[in-house]
Amino acid sequence: MSQRPAIYKSLSTRYFTQPPQGGESNAETRLSQLAGYLTPTALFYIRNHTATPEIDLQTWTLQLEGDGLKRSVTLDLAALQALPQVSVIRAIECAGNARAFFAHDFGEPAEGAQWRSGAIGVAEWSGVRLREVLEQAGVRAEAISVLPEGLDEGRFARPLPLDKALADDTLIALAMNGEPLPLDHGAPARLVVSGWLGAASIKWLGRISVATHEQNTYWNTRDYTLAGPDYPAEGEADGIPITMMPVMSMPELDWPAELSPGRQVIRGRAFSGEGRVNRVEYRLDDGEWQPARLETPNLPAAWVRWSVSTELAPGEHKLRVRAIDEAGNVQPDQVPWNDHGCLYNAVIAWPLHVGDR
Ligand SMILES: Nc1nc2c(c(=O)[nH]1)N[C@H]1C(S)=C(S)[C@@H](COP(=O)(O)O)O[C@H]1N2
Ligand SMILES: [Mo]
């Protein structure tokens, strides 16, 4: 398995970058650069709470431990590669995607990286089911909590309930889009937790603890929660710990979009946690809501591409898009404030600047 340089060290114009804060690196996908269904690895957003670690594949191991297991087990890369391999196409989306719109709507920024639209990507992930790996150590009937931990400096860790950990499509991925995982995306092994916030998909896995009791961390009690005046505190958390991502749509446009007058096709993507979007509607300025065209494929826990064809006159316009998922969830017109700026999924009035040709 060959190692490639960390992408964040050579960020290009393909990303919108965030100023690094205390070793963090954040790079946002420019959705306007996407063409096919999958996000190419070199364009996939990067969210690191501390710097990308460079792990020696020869000595790397994954430790399974905790009172929820029948025995402790240490696996190396060859042991993981020897287990049955599966591939899934899944989105990973940061809970803070679109956080910049809190500042837009409320006049003050929520804490955290000011992502606009690109803290999401869809890739083909290949590796081993987490269930298969945990079975190597034997899961006890009393187990309730699985805590995967990263080997980065911050030892990023966030718990999963046992049923989500054992789901068919919860993977320890060793590859992304058919290539070994790149450093920035968690080499040599990361979790992929379908439909849940990106913070559940722990990169640079080093240890998984399975317990018969709750295993809370900072990352499900003090961040990645819905906290603030509109939300109750839950147990040890300052709010409601986030699990599944809500229904949302994004146009493949820069902000503001620079377009030519005349008939234009505007494309985008819509997604909804573990589910599927089955309708997308758009509205130009004060016009009626109209259906957008959906393309195939439309995979659950990934996304669907949509397009609209519309006549644009020179000047300033607003494009609004809303997605409706198979359970009938619709993007709301507004979302209440939350302190960590998570789960923004309101309809966005996207500015279009249409030139004189
Ligand atoms: N070990 C570790 N895993 C991590 C993180 C991290 O900082 N350290 N960031 C998480 C967050 S908040 C997100 S949104 C996703 C981003 O995955 P990506 O960088 O591959 O896009 O990784 C998650 N896994
Ligand atoms: Mo995130």
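All ligand and atom numbering here is 1-based and tracks the order in the structure. All heavy atoms count here, side chains included; hydrogens, waters and symmetry mates do not.
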> What residues form a salt bridge (charged side-chain N to carboxylate O under 4.0 Å, His left out) with R131, not counting sequence neighbours?
Replying inline: D168

>> Under the rule for salt bridge (charged side-chain N to carboxylate O under 4.0 Å, His left out), what residues qualify as partners of R90, not counting sequence neighbours?
In response: D169

> Are any side-chain N or O atoms of N97 and backbone N or O atoms of C94, one a donor and one an acceptor, separated by less than 3.5 Å?
Replying inline: no

> Where the side chain of E274 meets the backbone of G195, is there a donor-acceptor pair that is under 3.5 Å apart?
Replying inline: no

> Pairs in or reaching into residues 125-174: which pass ring pair (Phe, Tyr, Trp, His ring centres under 6.0 Å), with residues at least two apart or in two chains?
Replying inline: F44-W125, H49-F156, F156-W219

>> I'd like the residue list for ligand 1, meaning every protein residue with a non-hydrogen atom under 4.0 Å from the ligand.
In response: F44, Y45, I46, R47, N48, H49, C94, G150, D152, F156, H185, R190, G198, A199, S201, I202, K203, W204, Y224

> Ring centres of F101 and W255 under 6.0 Å apart?
Replying inline: yes

